[in-house]
Amino acid sequence: MDTKTLVTAAHGMTDDTWKRHANPWSVWTRFAAIPVFELAVWSREWIGWWCLVGVGFVAVWLFWLNVRVFGPAEPTSWAARGIYGEQLHVAGTLSTDHLVVTRLLVAAGLVGFGLIAWGLIALDLWPLASGTALLLMAQLWRIDRYGLLYQQQA
């Protein structure tokens with residue numbers, strides 16, 4: 001079983017869940033969860049181990065609840081087309097040109113994630129802000145590429 005299949009299985013992604021995942025509210029609230037997560041981790045300075053309550057809430061939101069709260073969406077918005085394209089990627093229908101760009105964007109996102117981790121461990125605002133900006137740009141660009149993939153396949 002490959003990594004994509006393992007991740008979708010861990011999230012319990014069915015056809016209905018993918019449609020809910022494509023809801024623009026679902027997409028944008030996942031982006032909004034990033035600074036909430038960062039604040040929860042940073043708050044360890046103020047509230048100690050209680051910060052794990054916030055971290056746990058964000059984890060439950062991102063990994064289980066978010067894809068179930070919002071109604072199914074058709075691929076009529078930019079965000080929904082991007083998620084429908086992501087589903088095509090998971091299904092293995094990503095063309096070579098999309099695959100190269102997607103891998104570069106995933107790499108950029110991982111660098112951003114690393115900077116976020118550094119900023120949160122060291123409580124240093126510059127790597128945190130830089131990593132957040134890099135991660136967000138990579139994610140938005142990746143969704144845009146997936147949207148192009150979906151439009152080419154449709």
Would L135 and W118 show up in the same hydrophobic cluster when neighbours are defined by side-chain heavy atoms closer than 4.5 Å? no
Would a distance-only check, ignoring hydrogens and angles, find a side-chain to backbone donor-acceptor pair under 3.5 Å from S43 to W46? no
Against Y84, only a single residue in Y146, Y150, W18, W78 fulfils ring-ring contact (aromatic ring centres under 6.0 Å, His included); can you say which? Y150
dist T17:OG1 -> N66:CG (nearest 0.5 Å) comes out at 11.5 Å
State whether the number of non-hydrogen atoms from other residues, nucleotides or ligands found under 6.0 Å of W49 atom CH2 is greater than 12. no
Could K19 and D15 be called an ion pair, given the rule that one side-chain N must be under 4.0 Å from one carboxylate O? no
Starting at CG of L65, measure out to CZ of F57 and round the result to the nearest 0.5 Å. 7.5 Å
Test item: side-chain donor near acceptor, R30 and S26, under 3.5 Å: yes
Counting only heavy atoms not in W42 (residues, nucleotides, ligands), do more than 12 fall under 6.0 Å from its CH2? yes
Value for OG1 (T102) from NE2 (H89), rounded to nearest 0.5 Å, stands at 6.0 Å
OG1/T29 to CG/N23 distance, rounded to the nearest 0.5 angstrom? 8.5 Å
Within this structure, what is the OG-CD1 distance for the pair S130 and I116, rounded to the nearest 0.5 Å? 10.0 Å
Name the orientation class of the two ring planes belonging to W61 and F70 (parallel below 30°, tilted from 30 to 60°, perpendicular beyond 60°). perpendicular
d(F113 CZ, L110 CG) to nearest 0.5 Å is 8.5 Å
